[in-house]
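Report on one structure; see the data block that follows.
Numbers here are sequence positions counted from 1. These numbers were taken from a predicted model, which means no experiment stands behind them.
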Amino acid sequence: MVAWTEAYCGPDRGRARVLDRRTGSVTGLDQSLWVTVTPGGLFGAGEFGPSDLIDPRTWQYVAVLPPRAGGSGPAIDVNW
């Protein structure tokens, strides 16, 4: 699997896309995510390190980090 987000920093943040190299199919997600692929084959979504892990086979969340202490957003610079 290869994941990327088109035009993430532009005014139109684009959509996240996933290429399955085995089948050659590209799936477009209906949202803009900063996506990485973890060594375990999950998708990590988050702008400054993944705060959510997503199973690419089911598109279900596997783990979601709680908000950082005293803050409104998720933890940043995370390593799973």
Side-chain angles (χ1 to χ4, degrees):
M1 298 282 201
V2 177
W4 71 93
T5 302
E6 55 190 26
Y8 189 77
C9 291
D12 174 17
R13 291 173 57 112
R15 292 173 34 166
R17 299 192 184 276
V18 178
L19 166 67
D20 184 335
R21 291 194 285 184
R22 291 172 297 167
T23 64
S25 65
V26 176
T27 302
L29 305 179
D30 194 21
Q31 58 184 312
S32 179
L33 293 173
W34 191 266
V35 182
T36 57
V37 180
T38 69
L42 297 173
F43 293 143
E47 295 177 0
F48 299 100
S51 58
D52 306 326
L53 295 178
I54 302 167
D55 184 331
R57 293 178 305 258
T58 63
W59 295 103
Q60 298 295 312
Y61 284 88
V62 175
V64 177
L65 288 179
R68 64 181 173 261
S72 59
I76 60 173
D77 296 324
V78 176
N79 291 307
W80 288 89

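Scanning for ring pair (Phe, Tyr, Trp, His ring centres under 6.0 Å) contacts around Trp59 gives Phe43, with sequence neighbours left out. Every residue meeting the side-chain contact (heavy atoms from CB on, under 4.5 Å) condition with Arg17, not counting sequence neighbours, appears here in chain and number order: Trp4, Glu6, Arg15, Val26.
With rounding to the nearest 0.5 angstrom, the CD1 atom of Ile54 is 4.5 Å from the OH atom of Tyr61.
In this structure, Val37 is a member of the same hydrophobic cluster as Val64, with clusters built from ILVMFWY side-chain heavy atoms closer than 4.5 Å.
Contact annotation: the side chain of Met1 approaches that of Asp20 to within less than 4.5 Å [non-hydrogen atoms, C-beta and beyond]. Within the 4.5 Å cutoff, the side chain of Thr36 has heavy atoms near those of the Pro50 side chain. Side-chain contact between Thr38 and Leu53: present, with at least one pair of heavy atoms (C-beta onward) separated by less than 4.5 Å.
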